[in-house]
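First the structure, in the form of structure tokens, and then the observations on it.
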There are 2 protein chains.
Amino acid sequence: MINKETIGYSFGMIKLNGNTYQYSAEIFFEMFDDRLKLMIIWYLSNGSMRFKELSKYLQPITNKTLSAKLKQLEELHLIEREVFAEVPPRVEYTLSPHGQQLKPVIDEVIAWSQHYAKTFGQTINEE
Amino acid sequence: MINKETIGYSFGMIKLNGNTYQYSAEIFFEMFDDRLKLMIIWYLSNGSMRFKELSKYLQPITNKTLSAKLKQLEELHLIEREVFAEVPPRVEYTLSPHGQQLKPVIDEVIAWSQHYAKTFGQTINEE
DNA sequence: ATCATTAGTATATTTTAGTAAACTATTGTA
DNA sequence: TACAATAGTTTACTAAAATATACTAATGAT
């Protein structure tokens, strides 16, 4: 029932960072095993952001957690970290080219969420 | 910087199940705050599956965890549960219409994962 | 001289999610 | 009579993830 044709073509088994995957999609599921990393991609899909700015949008989140997530995303080659030699420090996070390629995923997420909200949600504070 | 135009049009604030969201995409991120729920959608996007069958594909997973995830997905109106009056019991899980609408998200996930695997992965066991 | 600011790190604690293992109900089969 | 099979539930435990809180370095402003 589950095979190449049905659940995302896998072109064989894929080895990545010591792990073996049968289906390429499993790579995504392992990377985004928590909501935070995909949310960061979502925020950055709009342009670069600084550490504190991200923190503000992701509240409640601690520095430690955000710092860890950003480090993971950098290791996955999905974001880039640029340090500016200023005081107080300025560090900007931007999507890498591979991170940019997640844009279509994000777009579909937004489209689906709007559809879902339209069905089950209640719009308030219309301006 | 983050506003209606930039991060997924939200048509105001959305209230859903007691929670308030500024951006519709946040609904998705809350729903899929763990990898398992989206993986179940991914498996079911291919057709219905029984409890044990899903369990086999999601190993290592305990009955308790899988049971909880399926219950959550049902409450979110994303899957449907059909019980057959047989012994031993047969219960089939299928995507609901709203679950089906996640297909484009899944498709983009698969496409991106293939791209990512092509860049960073190593294909093994070619047949 | 002290404060404010940013981008974190460090330590200890708490919460949460998931695991392991055993159990239930039902009925057909050996 | 006991076992097998499925779809769970229950209880106790563990490990992972996040939190709270305090701290650091560097420098310009008050």
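Side chains are part of it too, since the values below use all heavy atoms of this structure and drop only hydrogens, waters and symmetry mates. Below, chains carry the letters A, B, ... as their sequence lines are ordered, and counting in each starts from 1.
A donor atom on one side chain and an acceptor atom on the other are not found under 3.5 Å apart for A:Ser96 and A:Glu80. For the residue pair A:Ser55/A:Gln59, the side-chain donor-acceptor check at 3.5 Å is satisfied. Checking B:Tyr21 against B:Glu30 by side-chain atom types alone, a donor-acceptor pair falls below 3.5 Å.
Among the protein residues, B:Ile61 comes within range of the sugar-phosphate backbone only, with heavy atoms under 4.0 Å from sugar or phosphate atoms but none that close to a base. The residue B:Thr65 sits close to a base: some heavy atom pair falls under 4.0 Å. Residue contacts shown for A:Tyr93 are limited to sugar-phosphate atoms, with no base heavy atom under 4.0 Å away.
Ring-centre distance between A:His77 and B:Tyr116: not below the 6.0 Å cut-off.
Atom-to-atom, CZ of A:Phe84 to C1' of D:dA25 comes out at 20 Å; the value is rounded to the nearest Å. For the pair B:Leu54 CG and D:dG8 C1', the interatomic distance rounds to 14 Å; values are reported in whole Å. Distance B:Leu70 CG to D:dT9 P: 10 Å, rounded to the nearest Å. When rounded to the nearest whole Å, the span between CD of A:Gln59 and C1' of D:dA20 equals 13 Å. Summarising the geometry, the separation between NZ on A:Lys56 and C1' on C:dA7 is reported as 16 Å, rounded to the nearest angstrom. Atom-to-atom, CG of A:Asn63 to C1' of C:dT5 comes out at 13 Å; the value is rounded to the nearest Å. D:dA16 atom C1' lies 12 Å from atom CD of A:Gln72, rounded to whole Å. Atom NZ of A:Lys64 and atom P of C:dG8 are 16 Å apart (whole Å).
Of the side-chain N and O atoms in B:Lys71, one or more sit less than 4.0 angstrom from OP1 or OP2 of D:dT9.
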Please enumerate all protein N or O atoms sitting under 3.5 Å from an N or O of nucleotides 3-6 of chain D, with distances to 0.1 Å.
from  : atom 1 : to      : atom 2 : distance (Å)
D:dT6 : OP2    : B:Lys52 : NZ     : 2.6
D:dT6 : O3'    : B:Arg50 : NH2    : 3.0
D:dT6 : O3'    : B:Pro89 : O      : 2.7

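Taking a 4.0 Å limit (strictly below) on heavy-atom distances, residues 26-41 of chain A does not reach DNA chain D anywhere.
Each of A:Thr62 and B:Arg81 has a nearest nucleotide on DNA chain D; the 5'-most of these lies closest to B:Arg81.
For the atom pair CG (A:Leu58) and CD (A:Glu53), the distance works out to 11.0 Å, reported to the nearest 0.5 Å.
Between A:Phe28 and B:Trp112, the ring planes are perpendicular. Angles over 60° get that label, and only those under 30° would be called parallel.
A:Phe84 and A:Phe51 end up in different hydrophobic clusters when Ile, Leu, Val, Met, Phe, Trp and Tyr side chains are linked at under 4.5 Å.
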*asked:* Apply salt bridge (charged side-chain N to carboxylate O under 4.0 Å, His left out) to residues A:Asp34 and B:Arg35 and explain how you reach the verdict.
replied: CA-CA 7 Å; A:Asp34 61 278; B:Arg35 84 208 294 200; over 6 Å; no
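Remark: B:Lys103 NZ is loosely packed, at most 12 non-hydrogen atoms of other residues, nucleotides or ligands lying under 6.0 Å away.
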